[in-house]
There are 2 protein chains.
Amino acid sequence: MRSDLDLKARQTLKSAKLYCTAGRVAVLKALFKADKPLTQEEITGQLGQNHFDKVTIYRTLESLLKVGVVHQAFVKNRARHFELSHNCSETQCHPHFTCTSCGKTHCLTDMRMPKAQGRHRGFIIHRQQTRFEGLCPACA
Amino acid sequence: MRSDLDLKARQTLKSAKLYCTAGRVAVLKALFKADKPLTQEEITGQLGQNHFDKVTIYRTLESLLKVGVVHQAFVKNRARHFELSHNCSETQCHPHFTCTSCGKTHCLTDMRMPKAQGRHRGFIIHRQQTRFEGLCPACA
DNA sequence: AAAATATTTGCAACTTAGTTGCAAATTTGG
DNA sequence: CCAAATTTGCAACTAAGTTGCAAATATTTT
Ligand SMILES: [Mn+2]
Ligand SMILES: [Mn+2]
Ligand SMILES: [Zn+2]
Ligand SMILES: [Zn+2]
């Protein structure tokens, strides 16, 4: 039983010219299913039975970062958070919202911030990310 | 010899109703002098002779965060970065730029991003921060 | 479908960033 | 100066991430 997600993951790896391994497929599937940036721990948690060493998870995320399949979201917590780059443009990722009360982070995928592209005082901007803080619907 | 900066730091602590201690004054002075967000290590480095335990620095930064004198900037590196909140509005901090080539982070203090305030799908936005990636003048 | 090659994996050991408890030192207000 | 409140340094600890290396797996070649 090779699911839809499974195929999608394999396809993604293939087009990125990455070795298609069980670990990578598993990590990608976890990220496909997620609706928010995940840490290594959260990914490992999702995998459950299908366990891979945390070093492998980190190395997988690093490969996926390098080919641009995932990117890093900046979250208030200490650990790095990763998510698929899929529904972000080349130059801009959807904003993230961190609640100052409950601490949870949400993706504001339907929100577009105006882009600052090009140059500013000699800085060539390739990509921008926005972070919000405030109160989430549950805490407001 | 009690310098200008020294007085400014003491004044800041006083208005924040924080105990005015040597460590806090030293940390504040380092932040006043800095033109970019600093880590605990960088602050300790600045202090040189005038040494304080890293635990003290972290606890000082925590106090300064709580009263809003400093805030945290989100930088690509692993360590937390702090800077004065001074020339940021209540709701928005100036953007930060991280160079993908040399890795350095710069404050774009003269750049204003349009504010997304109020509510979005039930999220009450209090503050926003923008991060850019690209090439700095030195690397372009 | 083997064999040869290239890449990834798990393990254990390590580093780096940050935290905690507690007694001693410092600051503040009277 | 005293008493109360708060901060400090130390040592020990946790959490997040990294490194080297031999064994395992994936891809390419024959
Ligand atoms: Mn997201
Ligand atoms: Mn700044
Ligand atoms: Zn909340
Ligand atoms: Zn640069």
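Order of the sequence lines fixes the chain letters, A, B, ..., with proteins taken first and strands second; residue numbering starts at 1 for each chain.
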Separation of D/dA16 C1' from B/R80 CZ (nearest whole Å): 14 Å
Closer to the 5' end of DNA chain D via nearest nucleotide, is it A/R59 or A/E41? A/E41
Which whole-number value in Å describes the distance from A/E62 CD to D/dA16 P? 17 Å
Footprint ends on DNA chain C, 5' to 3', for atoms under 4.0 angstrom from a heavy atom of chain A, come out as C/dA6 to C/dG18
When clusters are formed by joining ILVMFWY residues with side-chain heavy atoms under 4.5 Å apart, either directly or through shared neighbours, do B/L18 and B/F32 land in the same one? yes
Joint hydrophobic cluster, A/V25 plus A/L65, side-chain heavy atoms closer than 4.5 Å: yes
Within one Ile-Leu-Val-Met-Phe-Trp-Tyr cluster: A/L5 and A/L31, side-chain cutoff 4.5 Å: yes
For the student: nearest non-hydrogen atoms of B/A30 and B/Q46, plus distance: CB-CB, 4.1 Å
May I have the distance from B/K76 (atom NZ) to D/dA16 (atom C1'), rounded to whole angstrom? 17 Å
Could you check how far CZ of A/F52 sits from P of D/dA24, rounded to whole Å? 16 Å
note: A/Q40, atom CD; D/dG17, atom C1'; distance rounded to Å ~ 9 Å
Nearest whole angstrom, please: distance from the P of D/dT14 to the CZ of A/R78. 13 Å
Between C1' of D/dT7 and CG of B/L61, the distance in whole Å: 14 Å
Which heavy atom of A/L38 sits nearest a heavy atom of A/E42, and at what distance? CA-OE1, 3.2 Å
Looking at B/Y19, I'd like to know whether one of its side-chain N or O atoms comes within less than 4.0 Å of OP1 or OP2 on D/dT7. no
Show the nearest heavy-atom pair for residues A/A116 and A/Q128, with the distance to one decimal. N-OE1, 2.9 Å
Closest heavy-atom pair and its distance - A/S101, A/L135: CB-CD2, 3.8 Å
Counting heavy atoms from C-beta on, name the nucleotide in D/dT7, D/dT18, D/dT27 closest to the side chain of A/V55. D/dT18
Take atom CG of A/D53 and atom P of D/dA23, then tell me their distance rounded to the nearest Å. 17 Å
A/S63 vs B/H81, nearer the 5' end of DNA chain C by closest nucleotide: A/S63
